[in-house]
Amino acid sequence: MCGITGWVSFHHDARIQGPVLDAMTATLTPRGPDACGVWLGEHAAIGHRRLAVIDPAGGVQPMTDRPDRPTTVLSYSGEVYNHHQLRAELRGRGHRFHTRSDTEVVLRAYAEWGADLADHLEGMFAFAVWDERAQRLLLVRDRLGVKPLYWAAVDGGLAFASEPKALFAHPEIRPRVDADGLREAYSLLFNTGPTVWSGVREVEPGGLLVLDRDGIRERRYWRLEAEVHDDDRDTAVERIRDLVGTAARGQLEADVPLCSLLSGGIDSTVLTALLADELRLREGPDARIRSYAVDYSDQAEQFTGDVLRTGHDTPFAAEAGAFIGTEHSTVVLDPLALLDPEHRKAVVVARDSPIGVGDMDTSLYLLFGEIRKHSTVALSGEAADEVFGGYPWFHSPKALNAATFPWLLVTGDEAAMPLNPALDLRIAEFREDTYRSALAAVPHLDDETPAEHRQREMQHLSLTRWLRQLLHRKDRLSMAQGLEVRVPYCDHRLVEYAFATPWKLKSFDGREKSLLRAAGAGLAPDSVLHRPKNHYPATHHPNYNRGLQDLARDALATDQVRALADETHLKPCLDTPPDRLAWGHRLRLERVVDLALWLDHHRPELAL
């Protein structure tokens, strides 16, 4: 996993702008702590920071097709899991290889297929190819958007990067925020394309961008489609187990230490069991995979259920680790460490955004830091809820009948930081317009029942919007610690099959994630297979709430925060006794604190 950046300009000579490229590349050092590389041509500047995972000696980047007078330059981030098969195919087509890296496979695939190479790649990736002969830049992002890729216009072309902070090191791109950016950030709709930053856009998941002297062209090479599904229940369960197993096995390759994130839920437990079985097949019956869970020092005494959490994870994670036979560890965090301004600032800097989930982001960042001491790659159960229908909104009549994005109903608007009404952002209107556009993009079959029709909409919204912000969160916070996190449930073949599966099969036992539970039989303890959905843990200590209220008061003492936040609606959150602070109101305070840190670090120009 790595960080990529650079720019192309047909109006200027990039060869004299080495210091600019160095500055852009340096901002991505946490993503790639192992090595740095740059390439300068007349009209293109390409930078790379490397986290060495496969072929540490051979995968140096930017990678070129020849050492002298290269015609193709590649800066690549990610993992292509079918690189062995592609290597064999490309060799059969006459290509020669000099390394074991998947990077070189992508480089040779471009030589063979051009922009159509994206159709041949399986994995998570974001990369840039500069074609010197054609004077053309190609930007490509993986199908689900696991790896980020941003771009912004510059004179005569565009600049690109894994994170916006690298773009802001270019002298023509400033961190500017306007009303549209605030709407994107605080509406919580998770559009892909526009960002909080004016002029900065994302390459769409499953999309590519081409820049040449004729201008910029974007297209999608992959999107979810509605397909006819004729498999019966037994066949579907078998197919799901095969697809999950194939994805897990394909993502086990690494030349560095690897582990699994094991929360004690069904998603991570089934995945870890499959990984452990495969590791024993490869390395012998005594091989054990490392697994990690997170907890708080107060959790056993202070835990109370809320709208997102029904139980304490740690005992289930320990039971799952013992059942599977992992080398299991629980990283126990001090709740008060989550208030540390330096930790919180590091998270906001990593996100390049004021929008997050407060202590849950900070704890994930600290967890990844502890894991990085022992492992460079971790596998996560992220996306199983979206793929298999695990969220409450798939099963709630209120959510199914509501004409809005379902996650907005989980805690209501109380979880969104109220913005100063003087800004007149018309977020409610923006949500309504965006919701209509989102539904119009959902594919359907002609003979769907109304119930199937609605469930397909719910799953499409979850996979194309809600999941994207979770993937952003996991990528930014893991890469800020130099840790690569892989997400096998995002395998596009699994996603396609599950999306095509009728809802009656996804919920055949009257519960969430019926197919995964059936496919995981024998891989997890019954207590884990049948426990209710539980979200990422949060601290419940009143002293954390008290400290958060103090930080929010300090934030509201600054002019810029007061100009953006609605103090009237925040007052109840500040006045409530700490031991009675509801989760939604706490999240409001978290976002006020993060807003202050974001304004202080990024110092955006506010054009409102």
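Everything numeric in this text was worked out from a predicted model, so none of it was measured. Each residue takes its place number in the sequence, starting with 1.
The six-membered or imidazole ring of Trp407 lies away from that of Tyr391, with a centre-to-centre distance of 6.0 Å or more. Checked against the 6.0 Å centroid threshold, Tyr296 and His540 do not count as a close aromatic pair. A distance of 6.0 Å or more separates the ring centres of Trp466 and His460.
Under 3.5 Å, the side chains of Arg108 and Tyr110 contain no donor-acceptor pair of N or O atoms. The closest side-chain donor-acceptor pair between Glu89 and His120, if any, does not fall under 3.5 angstrom.
The side-chain heavy atoms of Leu467 and Cys490, taken from C-beta on, include a pair separated by under 4.5 Å. Side-chain contact check for Val106 versus Leu117: some heavy-atom pair is nearer than 4.5 Å.
Of the charged side-chain nitrogens involved, at least one lies within less than 4.0 Å of a carboxylate oxygen, so that Arg454 and Glu457 count as a salt-bridged pair.
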- Message: Apply side-chain contact (heavy atoms from CB on, under 4.5 Å) to residues Thr272 and Phe323 and explain how you reach the verdict.
- Response: CA-CA 11 Å; Thr272 302; Phe323 182 90; over 6 Å; no
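Under the salt bridge (charged side-chain N to carboxylate O under 4.0 Å, His left out) criterion, Asp142 pairs with no residue, sequence neighbours left out. Taking His530 as the reference, nothing meets the side-chain hydrogen bond (donor to acceptor under 3.5 Å, both in side chains) condition, with sequence neighbours excluded. In terms of the side-chain hydrogen bond (donor to acceptor under 3.5 Å, both in side chains) criterion, residue partners of Tyr544 (sequence neighbours excluded) are, by chain and number, Arg344, Glu590.
Heavy atoms from other residues, nucleotides or ligands lying under 6.0 Å from CD of Glu238 number 12 at most.
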